[in-house]
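Let me begin by presenting the structure, written as structure tokens, before commenting on it.
As the structure is a computational prediction, the values presented were derived from the model and not from experiment.
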Amino acid sequence: MGRSEAQHRIEELKAILWENSRKYYVDNAPTMSDMEYDFLMHELEDLENQFPEYRTPDSPTQKVGSDIDAPVGQNAESEARREFRKFPHQYPMLSLSNTYNIGEVEEFAERAEKTIGGSFTYSCELKFDGTAICLTYKNGKLFRALTRGDGVYGDDVTENALKIKSIPSVLKGSGYPEEFEIRGEILMPYESFDRLNREREDNEEQPFANPRNAASGSLKLLDPEEVGRRGLICTLYHIPSDNVSFSTHDEALKAAESWGLPISDKRKICKNIGEIEEYISYWDTERRRLPFPTDGIVIKINEMAYQSLLGYTAKSPRWAVAYKFKAEEALTKVLSIDYQVGRTGAVTPVANLEPVLLAGTVVKRATLNNADFMKDLDIRIGDWVYVIKGGEIIPKIIGVEESKRTPGTLEPVFPKVCPDCGSELIRPEGEAKWFCPNIDGCPTQIKGKLVHFLGRKAMNIIAGDATVEQMYNLGLVRTPADFYDLRKGQLMMMEGWKDRSAERFLSSIADSKKVTFDHVLFALGIRYVGEQTAKDLARHFGSIEAIASASKEDLLQVPDVGEVIADSIVSYFRDPVHRIEIERLKASGVQLSMEKTEETTSDVLKGVTIVISGNFSISRDEMKALIEKNGGKNSGSVSGKTTYLLAGSKPGPEKIKKAAELGVRVISEEEFMGMIPGAEQPTDENNREGEQLSLF
């Protein structure tokens, strides 16, 4: 490569890398895979080494990426970043040099042995895929929490960090310095990530690309309470302070653990490259069993004196290297692209793929998110594409192999009208998705809402997609109220239905009339009104009439109801079609107001979130009702926002383990009943009876 060509390629690479660094750190919406980014960075490093006259101080090889100075207008969460105060790091927060090649790890070890000369060890640790955090403790109390920022200055996120349960506000034990820094990673476990993305999709918001982006976006929210609800965890792995005197890195981490700080127990001290490679090989497989994302292994010189001897480059320490796992990916062909209409009218493109085995399962389809994603990817029908499993779970197309593109490929055209009902699509301001506005006339939306109404967390009627499809095609149902008008003779018209099937369905319909008001409200499928919001609205207003007549200002008085939800509720009840539907449901005997027995009897559990597990002296439903009647909230899974894990006999081991990892207090039924005014203590006989009801 000549000098002119090299200069042009260097400038091109710098522009590409800085643009994608911004998308990664600032927008939390990367469009380039980590591997592709790293390969381009290595190409730039090689060119700058060959042509040092073109290396400049602003090169990505000389500076770490920055998460500060987010542009306004990306989304609500990126806008929030501009409100954080910035403080300098006492010690620069550098990045690690990384490699996907085990040979380069061997070269790292060889260089270390040559420089050090004597005997030393390596500390091998998991490389956590989250967002960096730097904590400063003074006199045993958390003084400040800073993001990486640009490596020199970071955003002050102390209030948010205090809402992450695994970060102690006060240290325990003794022996910690008067002041010291400790650094690590804020992570979002897969369970929290999946829950958050489900919520965002239900609210017609763009889902996060991966747990790392979700963790970063969550840490920079303006509302600390919402940060606490996101289920974030923290793990710490480095103390840079000069005033903490330990002979080895491992000793420092053990001391930090004794002070109550969250330190990973997955690290290992290795003596040579053979042991390092064994550790890498083990975790390349076992990491798939972890509840949180990891993307590699970090190898550090364990002895502090030798770390000082090896020193630093402009942007990374010479005494550490990161070996990054290659995401399992497959190359397959795009056969066609479908456009699916969801229950809320959102139109999502889905690529139909030539079947390919990936991470243990056959992948045939992968979502393309929205029109902008398709355009950025420049995907064509007939293209060969790289597919990975995002978070090891969801098939995701990460790139197109343009060298395999043939003249026969077709550029997809995002539809201008609904692929189901033909209505002209709209794209609300600030939204990434296109929507079909025909909410009460689009067949797919109608069927989606009917299935939602029947769901277990809604009306709990024994039926599913296939039943709804048949009923719709036969003209038996168009709205939820139609279910209550069905007769046995009509049901017997359906393929495969016999006398018993029809009776079971009608019995289920009758039982649904006993479903509490909050479930009915959720079942209506009002946009943005999820299960918990429905409960909050039902408790606050008490009846469907009160909600229907409430003003936007009235609705905003309900906890966790913001302007978007309030506008959606007002719009729903303003529609005469929906008011007629409510009257029909009321005439059918569906519960549209709170019963007296549903009212809270105390607020001793106000602000408390409880997960129950195991067997109790009363049924699980009764236990959940008791929690809610005393002001508490139930949750199905242990997360960062869980206050207590209420464990009966034979609790689920995974929930117990998760509670221990997140520092969630586990309480017994006896302890719980002691919190409830007038509650009777359980007896051994009752507990034995409860064991027969075990769901575990």
Side-chain angles (χ1 to χ4, degrees), residues 76-77 80 130-131 133 142 145 157-169 185-203 205 207-208 211 213-235 262 291-293 457 518 522 528 530-536 539 558-562 565 603-613 623-624 627-628 630-647 651-652 654-667 672 675:
E77 296 190 353
T131 186
I133 193 73
L142 181 62
V157 291
T158 309
E159 287 187 49
N160 290 353
L162 286 168
K163 294 297 180 180
I164 299 173
K165 289 186 179 294
S166 52
I167 297 179
S169 58
E185 210 87 356
I186 301 296
L187 305 171
M188 180 169 283
Y190 293 130
E191 184 179 49
S192 301
F193 173 70
D194 292 340
R195 185 188 69 246
L196 176 61
N197 268 355
R198 284 195 299 269
E199 291 173 358
R200 292 177 72 85
E201 287 170 353
D202 287 345
N203 294 336
E205 296 173 344
F208 282 106
N213 300 130
S216 180
S218 298
L219 184 63
K220 303 292 281 292
L221 291 172
L222 285 178
D223 180 5
E225 295 300 326
E226 178 60 24
V227 176
R229 287 189 285 268
R230 289 289 177 94
L232 299 172
I233 61 174
C234 175
T235 186
F292 47 75
K457 292 185 177 182
D518 57 308
F522 173 61
Y528 305 124
E531 186 181 4
Q532 187 58 51
T533 301
K535 285 184 178 181
D536 293 339
R539 286 175 180 159
V558 181
D560 298 329
V561 170
I565 297 176
D603 61 355
V604 295
L605 298 180
K606 185 177 181 180
V608 172
T609 300
I610 297 177
V611 175
I612 69 170
S613 183
M623 184 64 80
K624 290 182 177 181
I627 290 169
E628 293 186 355
N630 287 276
K633 291 185 179 181
N634 287 290
S635 177
S637 57
V638 179
S639 68
K641 69 178 182 181
T642 306
T643 311
Y644 302 119
L645 171 61
L646 173 53
E654 288 303 314
K655 284 188 170 72
I656 295 293
K657 181 181 177 182
K658 190 68 174 290
E661 290 174 352
L662 297 179
V664 173
R665 183 181 168 192
V666 180
I667 60 174
F672 171 75
M675 301 176 184

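- With rounding to the nearest 0.5 angstrom, the CD1 atom of Ile133 is 5.0 Å from the CD1 atom of Ile186.
- With hydrogens and angles ignored, the 3.5 Å screen pairs a side-chain donor or acceptor of Ser166 with a backbone N or O of Cys234.
- Here Asn213 contributes atom CG and Ser218 contributes atom OG; the two are 10.5 Å apart, rounded to the nearest 0.5 Å.
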Evaluation steps, side-chain contact (heavy atoms from CB on, under 4.5 Å), between Met675 and Tyr644: CA-CA 12 Å; Met675 301 176 184; Tyr644 302 119; 3.9 Å; yes
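- The two residues Lys457 and Phe522 come nearest to each other via the heavy atoms O-CD2, 3.4 Å.
- Residue Phe193 comes nearest to Ala214 through the heavy atom pair CD1-CB, 3.9 Å, listed as atom of the first residue, atom of the second, then distance.
- At least one donor-acceptor pair closer than 3.5 Å links the side chain of Asn160 to the backbone N or O of Leu219.
- From Leu222, atom CG reaches atom CD of Glu159 across 10.0 Å, with rounding to the nearest 0.5 Å.
- Ion pair Glu226/Arg230 flagged as a salt bridge, since at least one NZ, NE, NH1 or NH2 atom sits closer than 4.0 Å to an Asp/Glu carboxylate oxygen.
- A distance of 6.5 Å separates CD1 of Ile612 from CG of Leu646, quoted to the nearest 0.5 Å.
- The shortest non-hydrogen separation linking Met188 to Ala215 is N-CB, 3.9 Å.
- Proximity of Ile233 to Pro189: side-chain heavy atoms (C-beta onward) are separated by under 4.5 Å at one or more points.
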Between Asp536 and Lys633, does the side-chain contact (heavy atoms from CB on, under 4.5 Å) criterion hold? Intermediate values first, please. CA-CA 10 Å; Asp536 293 339; Lys633 291 185 179 181; 4.3 Å; yes
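- One finds the CG atom of Asp518 at 8.0 Å from the CD atom of Glu531 (value rounded to the nearest 0.5 Å).
- Residues Lys624 and Asn634 approach most closely at O-ND2, 3.0 Å, considering heavy atoms.
- Heavy atoms only, all atoms of each residue included: Glu661 and Pro291 are closest at OE1-CG, 3.8 Å.
- Rounded to the nearest 0.5 Å, atoms OG1 (Thr642) and CZ (Arg665) are 14.5 Å apart.
- Nearest approach of Ser639 to Arg195, heavy atoms of both residues: CB-NH1, 3.9 Å.
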Starting from the C-alpha separation in whole Å, work towards a yes-or-no answer on side-chain contact (heavy atoms from CB on, under 4.5 Å) for Phe292 and Thr235. CA-CA 11 Å; Phe292 47 75; Thr235 186; over 6 Å; no
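- Each of Val638, Val611, Leu645 was checked for a side-chain contact (heavy atoms from CB on, under 4.5 Å) with Lys658, and the lone residue meeting it is Val638.
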